[in-house]
Protein chains: 2
Amino acid sequence: MERKPQVLIVEDEKEIAKFIDLELQAENYETIVTYDGVTGLSKFRELNPDLVVLDLMLPVLDGLEVARRIRKTSNTPIIILTAKDNVEDKVLGLDSGADDYLVKPFSIEELLARVRAHLRRVNPAVTGEVRVADLVMNLDGREVFRDGRRIELSAKEFELLELFARNPGKVFNRFEIEEKVWPEYTGGSNVVDVYVGYLRRKLERDGERRLIHTVRGVGYVLREE
Amino acid sequence: MERKPQVLIVEDEKEIAKFIDLELQAENYETIVTYDGVTGLSKFRELNPDLVVLDLMLPVLDGLEVARRIRKTSNTPIIILTAKDNVEDKVLGLDSGADDYLVKPFSIEELLARVRAHLRRVNPAVTGEVRVADLVMNLDGREVFRDGRRIELSAKEFELLELFARNPGKVFNRFEIEEKVWPEYTGGSNVVDVYVGYLRRKLERDGERRLIHTVRGVGYVLREE
DNA sequence: TGGGTTTTTCTTTGATTTTTGAAAGCGATG
DNA sequence: CATCGCTTTCAAAAATCAAAGAAAAACCCA
């Protein structure tokens with residue numbers, strides 16, 4: 001999941017929309033801005049963003065209704081943003097499916113922190129994730145990504161990469177590697193070499209810099225640099 | 001699955017703690033109250049509640065630290081409750097792993113609504129619904145819908161899908177699956193494979209994209225994408 | 001209730017696909 | 001230039017899938 005998270009902004013006050021838009025972009029989110037409920041909803045369905053910032057007082061289709069309709073088919077976090085500062089409205093907003101409720105005038109810092117908090121949950125980053133160099137390994141999902149693009153690995157390839165990724169900078173000799181990844185084995189072949197080769201071919205496409213380095217006479221290391 | 005959601009309250013002001021406690025119980029939650037950070041954390045580890053209401057100014061161990069330590073091992077929602085009403089503290093609280101931040105004096109109705117909102121996400125049992133990809137599972141009614149159209153599943157098929165749907169993106173190996181869906185069994189067959197096959201046939205009609213993916217050498221995952 | 005019917009559950013089997021590992025020759029390196 | 005590492009090739013092994021049918025359970029109707 002290395003692509004930018006997409007945030008949909010639905011807010012009819014243009015200055016505020018612009019303001020939020022710029023701030024979110026500065027935090028490296030991809031943004032889509034819409035100015036009324038119907039357009040917001042249709043953009044939502046079209047793009048399926050990672051989070052929605054939603055004003056309540058919207059032309060054409062009320063914000064609450066937008067929240068409800070989104071909730072019908074999706075769990076995407078919704079942060080409601082509004083001038084209404086009374087408890088009943090907050091309760092109503094939250095019970096309509098919103099995940100959070102911020103009252104205007106709000107601090108942009110707080111909004112950004114809340115956006116971060118919600119996105120943190122949603123993306124699998126929260127659970128067993130190992131980052132190394134420009135790779136992201138999702139251990140639960142047994143996936144490896146680079147630049148948001150998925151790299152297909154076989155079971156053994158994944159285990160081998162996991163060993164390296166969990167211990168960046170540590171040199172393993174062939175015997176250690178064989179012990180961990182091929183425990184059932186009575187060594188004596190060059191499996192390790194071959195599999196390191198497989199990984200290199202898949203991970204180091206193009207003439208990129210080395211990821212898994214050979215330590216002559218010893219074994220292999222994964223180095224980030 | 002049908003048990004009450006458990007809420008852990010960590011708050012040193014006894015009257016406030018008592019107040020929240022009673023209100024939550026009135027809403028049919030099971031509550032545990034603790035008055036300092038260390039006890040709160042150990043209760044958390046012992047009971048693994050569904051949600052935590054956490055005061056910031058705590059004796060023995062600061063609330064922020066409690067939040068951080070909980071986050072180290074768990075995604076359980078944390079609502080911070082405090083008298084500190086400045087943006088920096090909010091940002092700090094949220095960035096320490098909290099999911100929400102409420103300033104005292106707060107309205108109990110708002111707290112309850114926020115508790116509902118967070119539990120709705122985490123614990124589908126609260127709404128009785130699990131949504132995943134373009135499917136909606138109604139757990140109470142043991143029904144599955146796509147585009148409002150009902151998909152007929154047998155009991156075992158439903159249980160298997162429920163396991164996947166509650167943990168989208170997580171790879172299960174055959175043994176884990178058998179443990180959960182066929183607990184009475186002494187494995188040694190390929191029931192899992194066969195039932196995954198059944199689900200696929202029913203859920204992936206036409207040449208649609210895969211829902212349940214096989215991870216060769218490991219098991220199966222439900223991925224939304 | 002009880003006997004027949006339908007549905008669900010689970011096993012077996014064999015075809016198909018993918019992964020795995022050994023060997024061998026080439027290439028790089030100190 | 002001799003050793004160690006790399007890559008390719010290919011056959012064996014393993015994993016997965018789908019189909020078919022036996023066994024069990026659930027259901028129905030008299």
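The model shown is predicted, which means the values in this text are computed figures rather than measured ones. Any value given below was found using the heavy atoms of this structure, including those in side chains, with hydrogens, waters and symmetry copies removed.
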Could you give me the CA-CA distance, side-chain angles and deciding distance for B/Glu157 and B/Tyr195, then say whether side chain to side chain contact (heavy atoms under 4.5 Å, CB included) is met?
-> CA-CA 7 Å; B/Glu157 289 166 357; B/Tyr195 271 80; 3.9 Å; yes
Any chance you could encode DNA chain D as dot-bracket? Rule is Watson-Crick or G-U wobble with both distances under 3.5 Å; [ ] for pairs crossing earlier ones, | for another strand.
-> ||||||||||||||||||||||||||||||
Shortest non-hydrogen separation from B/Gly169 to B/Val221 and the atoms involved |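 Where B/Gly169 meets B/Val221 most closely, the heavy atoms are C-CG1, 3.4 Å.
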Do A/Arg114 and B/Tyr101 have side-chain atoms, one donor and one acceptor, less than 3.5 Å apart?
->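 No pair is found: no donor N or O on one side chain lies under 3.5 Å from an acceptor on the other.
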Starting at atom [atom1] of [X], determine the distance to atom [atom2] of [N], rounded to an integer number of angstrom.
X        : N      : atom1 : atom2 : answer
B/Leu153 : C/dT7  : CG    : C1'   : 14 Å
B/Asp193 : C/dG14 : CG    : P     : 17 Å
B/Glu178 : C/dC10 : CD    : C1'   : 11 Å
A/Arg142 : C/dT19 : CZ    : P     : 13 Å
B/Tyr195 : D/dC17 : OH    : P     : 16 Å
B/Phe175 : D/dA15 : CZ    : P     : 16 Å
A/Lys156 : D/dA13 : NZ    : P     : 16 Å
A/Lys202 : D/dT7  : NZ    : P     : 15 Å

Closest listed nucleotide, where the reference is the side chain of [X] and the choices are [options]:
X        : options                : result
B/Asn190 : C/dC10, C/dT13, D/dT7  : C/dT13
B/Arg174 : D/dC17, D/dG5, D/dT16  : D/dT16
A/Arg201 : C/dT9, D/dT8, D/dT16   : D/dT8
A/Val194 : C/dT11, D/dT16, C/dA22 : C/dA22
B/Trp182 : C/dG21, C/dC10, D/dT16 : C/dC10
B/Tyr220 : C/dT9, C/dG21, D/dT16  : D/dT16

Could you check whether B/Gly197 gets within reach of a base, just the sugar-phosphate, or nothing at all, counting any heavy atom under 4.0 Å?
-> nothing
Base, sugar-phosphate, or nothing: which does B/Val192 touch, judged by heavy atoms less than 4.0 Å apart?
-> nothing
Establish whether the base of C/dC10 is bridged to the side chain of B/Tyr198 by a donor-acceptor pair shorter than 3.5 Å.
->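 It does, because a donor-acceptor pair links the side chain of B/Tyr198 to the base of C/dC10 below 3.5 Å.
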Hey, is the side chain of [X] poking within less than 4.0 Å of OP1 or OP2 on [N], counting only N and O atoms?
X        : N      : result
A/Thr214 : D/dC6  : yes
A/Ser154 : C/dT20 : yes
B/Ser189 : C/dC10 : no

Is there side-chain contact between A/Ile20 and A/Leu81, with heavy atoms separated by less than 4.5 Å?
->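 Counting from C-beta outward, A/Ile20 and A/Leu81 do come under 4.5 Å.
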Distance under 6.0 Å and angle within 45° of ring axis: B/Lys156 vs B/Phe158 |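 Not satisfied by the 6.0 Å and 45° rule.
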Do A/Asp147 side-chain atoms and A/Arg149 backbone N/O form a donor-acceptor pair below 3.5 Å?
-> no
More than 12 foreign heavy atoms under 6.0 Å from NZ of B/Lys180: is that the case here?
->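 No.
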A/Arg216: salt bridge (charged side-chain N to carboxylate O under 4.0 Å, His left out) partners, not counting sequence neighbours =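 With sequence neighbours excluded, A/Arg216 shows a salt bridge (charged side-chain N to carboxylate O under 4.0 Å, His left out) to no residue whatsoever.
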